[in-house]
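Contents: one structure, followed by commentary.
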Amino acid sequence: MNQESGKPGEQEEVTGLVCEEADLKDGQMKEVTVGDQKVLLVRTHGQYSAIGNQCTHYSAALVKGALSGDRVRCPFHGACFNVKTGDIEEYPGLDSVPSYKSLKLTKRVKEMCTMRPEVKHTILLIGGGPASLVCAETLRQNCYQGRIIIMTKDTLLPFDKTKLSKAMNLDSSSILLRSSDFLQQYGIEVWTQKEVVSVNPADKTVKISDGSSQHYDQLLIATGCRARPLSCPGSDLKGVNVLQCYEDAKEINGSIFFQVKEVVLKSGTVLEADVVIAGIGVIPNSDFLAGSNVEVDSKKAVIVDKYMRTNIPDVFAAGDVTSFPLTIRGDQRVNIGHWQMSQAHGRIAALNMLKKPTKIESIPFFWTVLLGKSIRYAGYAEGYTEIVFKGKVEERKFVALYIKDEVVVAAASLMFDPAVSRVAELMATGQNLTKAQAQ
């Protein structure tokens, strides 16, 4: 097994017994130590392979995840990696894990090209979130050498917005998904503080809030959603804040909150409270499409097919702003605001822009942390009629399996890894987990 040394161009070979052949059966994996590195050793189809054991998203140990065929799914947030190559195959995350030849690395960027000025073709990505960034990187990974512009109304380069609601006093540089140097290296332009106010598909231009315009050859709409504001009495009081962007997080952190005493429900029930967090849904950011003939649904989500195409040629959409066909629900059209799904959308949009027909087949996977406890969720539970619990709910260590038509349609867990990843892998391979099996 090879291990990179600290000297450029040199390889240090580390030889040692990591396990007996009988210790690892087909379809099993094991964390082993090679030199000073933790490595995931996997046996599939009678063959052994070794990749990095840390997920590139939030560093979870992949050995605790779910192995299915030639890929392992992270127990934390559902990212998937090919056990032969280390390539990332499902999100969240941006980077791949190292293969056995580069054990000194903790992450690996897929090989990418950059722009060539003589290529007169521009792909414009509206929105600075995960869908746009993954779309841009996928284009470069597939040898697209035209111009790529990410246009965002945010003040920052693409950043990990999930952290805004989970930590205070965040330094902006600590939440960037890619550095400025990285983006420049691969010819990915990011225009910050540029809000698109209209799209004209006839002449392939967008108008920007500063009065300027920009031509495109292909367009991605990935503008996400905005938080739905409160409309009840008291919503206009000082100290009521909306968390939408980095500046909002800084403002909230610096606020002197007014004292909340109670919340009155519609039923008349009074709940005592010191702090109130309202999560009452979102509104798709699609107003700027008025007059463009891009089709939206009754909730203002942009309608796309399984290739992330809108009804307008060369106009694609991805992420939270879309309504798309969900494979595990028989292509029912859904709007899902998951970070992982936005990244998957971005990849699929890029491949189809390049005329590499690829359908969106990803399994929705969501996570959050409350009071130090991690919650995982996979699937799509709308319309469920029953819940089967496994584990001990009273000890807050369990998985809840949501049942509809005698089949598990979603799973949520609390401190019960990797149960949700296993359910997600069953769904990804087209297998049904029946109610009887769940019980």
Side-chain angles (χ1 to χ4, degrees), residues 24-30 42-46 55 60-83 89-92 306 323-338 340-341 344 359-370 373-439:
L24 206 61
K25 295 181 172 58
D26 223 49
Q28 291 185 336
M29 53 187 176
K30 181 179 182 179
V42 184
R43 183 175 178 179
T44 55
H45 314 299
C55 176
L62 294 176
V63 71
K64 296 180 180 179
L67 178 65
S68 175
D70 285 337
R71 76 177 189 177
V72 58
R73 184 181 286 267
C74 173
F76 279 16
H77 307 134
C80 295
F81 301 90
N82 187 292
V83 298
E89 294 186 343
E90 189 54 86
Y91 303 95
K306 291 181 78 73
S323 175
F324 69 98
L326 184 62
T327 300
I328 60 170
R329 293 301 288 267
D331 290 342
Q332 174 188 342
R333 196 170 293 285
V334 298
N335 172 242
I336 295 178
H338 292 179
Q340 156 264 349
M341 189 60 78
K359 296 179 181 180
I360 183 68
E361 306 280 7
S362 295
I363 306 300
F365 202 109
F366 171 80
W367 71 95
T368 192
V369 177
L370 292 172
K373 301 292 186 181
S374 295
I375 297 171
R376 326 279 186 216
Y377 171 91
Y380 192 73
E382 184 183 82
Y384 75 90
T385 54
E386 189 178 349
I387 303 177
V388 173
F389 290 94
K390 293 292 191 181
K392 297 182 178 179
V393 176
E394 64 276 7
E395 294 181 10
R396 296 183 178 87
K397 291 183 178 180
F398 65 90
V399 61
L401 302 168
Y402 295 79
I403 311 296
K404 180 181 180 182
D405 298 330
E406 301 297 307
V407 171
V408 174
V409 292
S413 75
L414 184 65
M415 309 301 288
F416 211 77
D417 293 336
V420 170
S421 285
R422 286 177 176 159
V423 172
E425 272 306 290
L426 285 173
M427 291 178 173
T429 53
Q431 301 176 64
N432 280 334
L433 182 62
T434 66
K435 175 183 172 181
Q437 290 171 322
Q439 291 172 325

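These numbers come from the heavy atoms of this one structure, side chains and all, not from hydrogens, waters or symmetry mates.
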N/O donor-acceptor pairs under 3.5 Å from side chains in residues 391-419, not counting sequence neighbours:
unit_1, atom_1, unit_2, atom_2, d
Asp417, OD1, Arg376, NE, 3.2
Asp417, OD2, Arg376, NH2, 3.1

Just wondering, do [Y] and [X] contact through their side chains at under 4.5 Å, heavy atoms?
{"X": "Ser323", "Y": "Val334", "value": "no"}
{"X": "Glu361", "Y": "Lys306", "value": "yes"}
{"X": "Arg73", "Y": "Phe365", "value": "yes"}

Handout entry: Gap between atom OG1 of Thr44 and atom CE of Met29 - 0.5 Å precision
Key =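 Output value for this atom pair is 11.5 Å.
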Fill in the blank from the handout: Rounded to the nearest 0.5 Å, the SG atom of Cys55 sits from the CZ atom of Phe81 at a distance of 4.0 Å
Problem - Contacts of Arg71 that satisfy salt bridge (charged side-chain N to carboxylate O under 4.0 Å, His left out) - sequence neighbours left out - result: Glu425
Problem - Set of residues satisfying salt bridge (charged side-chain N to carboxylate O under 4.0 Å, His left out) with respect to Lys359, sequence neighbours excluded - result: none
Problem - From CA spacing to verdict: side chain to side chain donor-acceptor pair (under 3.5 Å), Lys64, Ser421 - result: CA-CA 10 Å; Lys64 296 180 180 179; Ser421 285; over 6 Å; no
What pair of heavy atoms forms the shortest contact from [X] to [Y], and how long is it?
{"X": "Met341", "Y": "Ile360", "value": "SD-CD1, 4.4 Å"}
{"X": "Gly27", "Y": "Leu67", "value": "O-CD2, 3.3 Å"}
{"X": "Asp331", "Y": "Thr327", "value": "OD1-CA, 3.7 Å"}
{"X": "Tyr377", "Y": "Val420", "value": "C-CG1, 3.8 Å"}
{"X": "Ala79", "Y": "Pro92", "value": "CB-O, 3.2 Å"}
{"X": "Pro364", "Y": "Ile336", "value": "CG-CD1, 3.7 Å"}

Problem - Phe76: ring pair (Phe, Tyr, Trp, His ring centres under 6.0 Å) partners, not counting sequence neighbours - result: none
Practice task
With sequence neighbours excluded, tell me which residues meet ring pair (Phe, Tyr, Trp, His ring centres under 6.0 Å) with His338.
Solution key: Phe366
Exercise for the section: Among residues two or more places apart or on two chains, list those pairs meeting side-chain hydrogen bond (donor to acceptor under 3.5 Å, both in side chains) that have a residue in residues 427-436. Expected result: Glu386-Lys435, Thr429-Gln431, Thr434-Gln437
Problem - Side chain Asp70, main chain Val83, donor-acceptor under 3.5 Å - result: no
